[in-house]
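Remarks on the structure that follows.
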Amino acid sequence: MWSVTDDALLEGMAAGDPDATEAFVARFQRRVFGLAITIVGDPRAAEDVAQEALLRAWRHGAAYDPRRGSVTTWLLAITRNLAIDVMRVRRPLAIAPEELVAMPLRTSHAEPATLAVAHDDAARLHAAVADLPDEQRRAILLAGIGGFSAREVAEAEGIPLGTAKTRIRTAMLRLRAVLVTPDPAE
Amino acid sequence: MTLECAEVRERAAELALGILDGKDRADVLTHLSSCPSCQAFVEEHNEVADLLLHLAPEADPPLGFQPRTLRAFGSQQHRGRRRMFIAVAAAAAAAIIASVTAVRIIDADRTEQAAPALRTVPMIGTDGVKVGRVTFSKSTPAALAVSVDYAVPDGDYDLALVSGNAEELIGTMTIADGQGEWNGAAAINDDDAVALVSASGARVCEAELRS
């Protein structure tokens with residue numbers, strides 16, 4: 001089952017195949033739970049988020065459009081949106097900003113070989129994030145993974161709102177520039 | 001307010017990261033609906049935002065997570081038939097949103113045809129978060145299907161029809177494991193709302209029944 005592509009697994013799950021469903025959950029549970037707990041900080045809340053994200057993937061798998069991104073990207077986006085909703089309602093549970101910006105970023109070598117292109121981009125982005133000036137790296141991690149609004153980034157960092165917005169915007173432009181520049185290794 | 005391209009592009013990063021709220025977000029989406037150039041600019045930011053999520057570390061979920069999740073799928077399957085009526089209108093709502101924003105769809109419903117006599121409106125919690133939905137018919141009295149599936153604490157709630165300052169009790173709903181459903185009928189007017197009211201009398205979420 002592990003040699004089956006993510007797309008095929010999702011398709012099988014959407015069609016009601018119990019083996020595909022079980023394999024899908026087994027394959028993605030660490031990614032989904034990892035992102036959820038990174039954002040909400042609390043294991044119980046993270047479990048609720050992860051379960052709901054997988055439930056939505058199961059329920060709406062037929063609506064997934066591979067042209068819009070990989071299954072992983074789709075599923076992580078669902079997870080992030082759910083986690084941010086929870087965080088906004090149950091703010092005291094949210095992970096501390098210092099903890100979030102200090103987390104070790106995931107490297108892409110552990111992904112299955114079926115997503116080679118996504119690996120390359122994720123690996124380049126990983127390097128590009130590490131190369132950002134510290135204040136921009138912190139801002140983009142808080143906003144991009146933690147779901148902090150610009151105002152919340154400003155509060156967490158003790159900086160004016162305009163400065164937080166500039167840091168987020170500049171970091172995104174730098175990362176985008178890296179991704180649209182052809183990879184010299186290709 | 002009509003934004004210029006430069007103003008939209010200043011906000012593109014926050015939009016792509018999903019942290020642009022309220023009027024700012026609405027203004028940007030309005031501009032994007034008629035500006036392919038800015039749409040392409042935002043789309044490039046979307047790709048970065050999506051990839052950022054890949055950098056979050058993996059973590060082992062608690063013991064028993066997988067079987068609990070698979071059991072939850074099973075219980076949803078049993079409830080699927082009752083949910084179908086709600087899903088029909090929800091799909092139409094999702095399709096409308098998709099055509100307006102034209103930016104990206106993360107979590108769309110299936111694309112069944114909407115039944116013309118039904119309307120679905122979001123149930124919004126006190127923090128502005130969508131916690132469920134209400135589907136209602138245009139008949140008199142109206143058939144109502146109230147579904148809450150997110151962020152409302154477990155417990156028993158009154159279901160109230162809100163007309164101006166008046167509240168009329170139309171039923172009760174139990175939220176268990178974060179989910180609750182109620183089906184019934186009530187005479188409704190265009191500006192009415194349906195609210196979930198806690199034991200302390202606080203409205204925890206509300207849906208405006210606009211047809």
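The sequence lines fix the lettering, A, B, ..., with proteins before strands; numbering per chain opens at 1.
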Looking at B:Pro61, B:Pro62, B:Ala12, which makes the most heavy-atom pairs under 4.5 Å with chain A?
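The answer is B:Pro61.
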For chain A, which candidate among B:Val48, B:Leu20, B:Val131 shows the most heavy-atom pairs at distances under 4.5 Å?
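Top option by heavy-atom pairs under 4.5 Å: B:Val48.
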Euclidean distance, [Y] [atom2] relative to [X] [atom1], rounded to 0.5 Å:
X	Y	atom1	atom2	answer
B:Arg68	A:Gln51	CZ	CD	7.5 Å
A:Trp58	B:Leu70	CH2	CG	10.5 Å
A:Leu142	B:Leu17	CG	CG	11.5 Å
A:Arg169	B:Glu10	CZ	CD	4.5 Å

Closest heavy-atom pair and its distance - A:Gly144, B:Leu52
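Residues A:Gly144 and B:Leu52, closest heavy atoms: CA-CD1, 4.1 Å.
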Distance-minimising heavy-atom pair for B:Ala49 and A:Met172:
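Between these two residues, the closest heavy atoms are N-CE, 4.2 Å.
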Is any side-chain heavy atom of [Y] closer than 4.5 Å to one of [X]?
X	Y	result
A:Ile168	B:Ile19	yes
A:Thr79	B:Leu53	no
B:His54	A:Arg31	yes
B:Asp60	A:Phe33	no
B:Phe65	A:Leu54	yes

Within a radius of less than 6.0 Å around [atom1] of [X], do more than 12 heavy atoms belonging to other residues, nucleotides or ligands occur?
X	atom1	answer
B:Leu63	CG	no
A:Gln29	CD	yes
B:Asp191	CG	no

Begin with the C-alpha distance, continue with both residues' side-chain angles, and end with the deciding distance and a verdict on side chain to side chain contact (heavy atoms under 4.5 Å, CB included) for A:Leu175 and B:Leu51.
CA-CA 10 Å; A:Leu175 297 178; B:Leu51 275 175; over 6 Å; no
Please classify the contact of A:Val129 with chain B as side chain, backbone, both or neither, using a heavy-atom distance under 4.5 Å.
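The side chain, not the backbone.
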Which region of A:Leu82, side chain (C-beta onward) or backbone (N, CA, C, O), has a non-hydrogen atom less than 4.5 Å from a non-hydrogen atom of chain B, or is it both or neither?
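Both backbone and side chain.
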Look at A:Ala36, A:Gly69, A:Ala50 and state which one has the largest set of heavy-atom pairs under 4.5 Å with chain B.
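The residue among A:Ala36, A:Gly69, A:Ala50 with the greatest pair count is A:Ala50.
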